[in-house]
Amino acid sequence: MSREAVLNLILAAGFLVFPLWAWMAEEPFLITLATRAAIFAIAGVGLNIALGYGGLVSLGHAAFFGIGGYAMGILASHAQTYTPLLEWPFLVEGTKSMPVIWIVAMLASALAALAIGALSLRTSGAYFIMITLAFAQMLYYFAISWPAYGGEDGLPIYVRNGFPGLNTLDPIQFFALVYALMLATIAVAALVRRAPFGLALNAARQAPERVRAVGISPYRLRLAAFAISGTITGLAGALFADLNRFVSPAMFSWQTSGEIMVFVILGGTARLFGPVAGAALFIALEHLLGGVSDYWHVFLGALLLLVVLFGRNGVVGILAGQEARRG
Amino acid sequence: MSLTLLVEQILNGMQFGVTLFLTASGLTLVFGVMGLINLAHGSLFMVGAFAAAATAAATGSFLLALAASIAAAAAAGAIIEVGVIRRLYARDHLDQVLATFALILIFSEGTRWLFGSFPLYLSIPDALAGPVTLPGGIRYPLYRLMTIGVGLVIALGLYLLITRTRLGIRIRAGEADREIVAALGVDISRLYTVVFALGAALAGLAGALVGAIQSVQVGMGEPVLILAFVVIVIGGIGSIRGSLVGAILVGLTDTLGRFLLPGFFRLFMDNSAATSVGSALASMLIYVLMATILIWRPTGLYGARA
């Protein structure tokens with residue numbers, strides 16, 4: 001087993017042991033903290049597929065995070081007020097069922113990612129970064145100025161949505177659910193990377209001309225990667241909304257995009273467990289430094305600057321060393 | 001809807017566009033010459049506004065406040081260029097985005113630390129406070145008119161600087177081929193510091209000019225930064241002319257969209273629905289404009305390369 005595989009196992013186990021310990025020590029706040037970290041890790045796993053594997057620097061993944069959040073908020077708000085979502089041409093009711101919400105959130109983000117990706121991928125480099133950012137801003141301003149679902153104030157959901165057989169209001173049970181989803185998305189990411197699709201995507205990142213020369217279209221590869229990436233980040237958005245029982249335009253904000261990117265980079269770009277390590281570190285820093293100073297973002301900024309300038313492979317890279325060359 | 005109101009809105013759009021140009025021109029200059037994406041450009045805008053507000057509070061002079069905004073932003077720009085940005089030129093865009101994102105965190109929280117969370121106010125000097133009567137009997141705030149004037153003068157000055165001066169020749173040469181320029185004996189790293197400080201100074205001035213219309217607060221730079229991105233994507237990254245055209249286009253589209261769209265939807269909707277649909281669409285309009293232009297020209301109106 002390589003060093004990275006051992007490290008991944010330790011990360012996965014540590015992510016489980018910490019909340020279990022908090023549960024025994026009756027520290028529900030720490031369980032919630034771990035849940036938040038796991039949700040951010042899912043968002044990061046999503047972005048990592050575009051950013052790490054595809055080399056697509058998207059500064060607009062808040063768009064999918066927010067769409068996932070609003071999918072949950074809209075469905076649950078209709079369910080809690082007993083008003084149908086749509087009466088014509090056929091009746092659509094709101095729902096409080098997590099699996100249904102997840103599917104809707106993922107479908108909606110997938111469609112949005114296809115549309116945004118189809119337009120943005122016509123460009124590359126700096127243009128791509130700015131355009132993805134601009135599309136997320138577009139949705140941000142739309143969410144602010146559309147009054148039906150709370151507008152600028154956001155939309156509270158009074159009771160957390162349900163999952164068959166679980167009491168999701170119990171922090172440790174909700175954590176277990178999020179943790180299982182985190183492992184599932186990591187498995188998807190691992191499959192994507194190892195599949196012929198992932199190999200071609202990796203090749204398209206390194207040498208698009210050669211990929212084109214063997215008859216594969218880099219554009220279609222990237223679009224598919226962008227859609228998968230957005231779908232996973234959308235799922236994280238739905239979970240995040242359920243954690244807070246609140247959706248607001250802030251989920252669409254450019255800071256959210258920046259933070260999701262920070263999870264990926266702090267942990268190690270294109271590493272399977274990079275976003276997990278990055279999100280855990282981010283939440284730990286927020287908790288520890290936030291207790292020391294209200295201005296903890298200064299220290300986060302300084303740390304991030306050091307990682308970018310000097311420690312190029314993130315936490316996983318520093319602990320596990322250079323990735324073994326594949327293929 | 002009267003013609004007077006329309007002219008007033010067009011002038012508002014021009015004023016908005018001109019302040020966007022001041023921010024966008026620095027961003028596009030830095031990208032064109034150094035190939036750097038600088039997310040912290042909005043922070044320099046904020047630094048300018050805070051420096052102006054603090055100076056105006058201490059001295060009471062608006063002119064000194066404007067000078068302070070330019071000096072403070074240029075100094076902040078030069079410091080981060082020498083300390084951080086310089087190490088990023090050879091890196092890929094991802095590293096640039098992250099490092100400058102980190103700079104935003106440091107600048108924003110540092111400013112909050114120094115000045116607190118409450119907004120500061122920078123008042124318009126008495127001499128510029130009132131409205132003036134334009135030909136046709138339209139009354140319009142003198143300060144906003146002056147802002148348009150300052151912006152256009154700076155656009156002209158920037159054009160002359162780039163096309164007519166030695167510094168401009170070096171900037172253009174640096175854009176084309178940095179190795180050759182360095183081989184010809186130009187101190188390229190000092191040139192980069194100067195260009196970066198110049199861009200920062202323009203952003204700082206824009207911050208001070210806008211700060212007198214809105215409130216001066218932490219986080220005021222980022223919305224402007226994102227709009228400046230839209231502007232330079234529309235205009236073509238690296239093109240000063242593109243950023244002027246893009247800025248005016250964005251300023252007019254945004255202002256006129258907010259003004260006209262609700263009225264347009266009122267033609268076939270009831271009043272409150274028209275207002276909400278109209279204002280929701282108006283807030284997205286510039287992004288729709290950007291998407292449309294990119295479908296038509298993926299490198300912007302005046303852009304040559306990606």
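Lettering follows sequence order; numbering is per chain, from 1.
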Starting from the C-alpha separation in whole Å, work towards a yes-or-no answer on side-chain contact (heavy atoms from CB on, under 4.5 Å) for B/L94 and A/L51. CA-CA 9 Å; B/L94 178 61; A/L51 180 71; 3.7 Å; yes
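- With a 4.5 Å cut-off on side-chain heavy atoms, A/L300 and B/I106 do not count as touching.
- Between chain B and the options A/M261, A/H297, A/Q255, heavy-atom pairs under 4.5 Å are most frequent for A/H297.
- Within a 6.0 Å sphere centred on CZ of A/R212, other residues, nucleotides and ligands contribute more than 12 heavy atoms.
- Few gaps surround CZ on B/R172; more than 12 heavy atoms of other groups in view lie less than 6.0 Å from it.
- The environment of B/F118 atom CZ is sparse: at most 12 non-hydrogen atoms of other residues, nucleotides or ligands sit within 6.0 angstrom.
- To the nearest 0.5 Å, the span separating OH on A/Y295 from OG on B/S108 amounts to 13.0 Å.
- Neither the backbone nor the side chain of B/L227 comes within contact range of chain A; no heavy atom of the residue lies under 4.5 Å from a heavy atom of that chain.
- Counting only residues at least two apart or in different chains, side chain to side chain donor-acceptor pair (under 3.5 Å) contacts with residues 133-145 of chain A comprise A/S145-B/S283.
- When every heavy atom of A/A134 is checked against every heavy atom of B/M290, the shortest pair comes out as CB-CE, 3.4 Å.
- B/P298 and A/T123 get closest at one heavy-atom pair: O-CG2, 3.6 Å.
- With hydrogens and angles disregarded, no donor-acceptor distance shorter than 3.5 Å links the side chain of B/R87 to the backbone of A/F310.
- Within the 3.5 Å criterion, the main-chain N or O of B/R297 finds no donor-acceptor partner in the side chain of A/R122.
- If you measure heavy-atom distances from A/L139 to chain B, you find no contacts under 4.5 Å at all.
- The CD1 atom of B/I226 lies 4.5 Å from the CG atom of A/L133; values are rounded to the nearest 0.5 Å.
- Taking both residues in full, the closest heavy atoms of B/A291 and A/L119 are given as CB-CD1, 4.3 Å, listed atom of the first, atom of the second, then distance.
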Where do B/L88 and A/L309 land on the side-chain contact (heavy atoms from CB on, under 4.5 Å) test, with the steps shown first? CA-CA 8 Å; B/L88 297 171; A/L309 291 179; 3.9 Å; yes
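- Both the backbone and the side chain of A/L305 come within less than 4.5 Å of a heavy atom of chain B.
- Taking CD from B/E109 and CZ from A/F299, the interatomic distance works out to 10.5 Å, rounded to the nearest 0.5 Å.
- Counting only distance, with no hydrogens or angles, the side chain of A/Y127 and the backbone of B/I237 share a donor-acceptor pair below 3.5 Å.
- With a 4.5 angstrom heavy-atom cutoff, A/L306 does not touch chain B via any of its atoms.
- B/V233 touches chain A through backbone and side chain together, each having a heavy atom under 4.5 Å away.
- Around CZ of B/R86, the count of heavy atoms belonging to other residues, nucleotides or ligands within 6.0 Å exceeds 12.
- Highest contact tally toward chain A, considering only B/W113, B/F101, B/F229, is held by B/W113 [criterion: heavy-atom pairs under 4.5 Å].
- Summarising the geometry, atom CD1 belonging to A/I129 is positioned 3.5 Å from atom CD1 belonging to B/I37; distances are rounded to the nearest 0.5 Å.
- Take A/D153 and apply the side-chain contact (heavy atoms from CB on, under 4.5 Å) test, not counting sequence neighbours, and it matches no residue.
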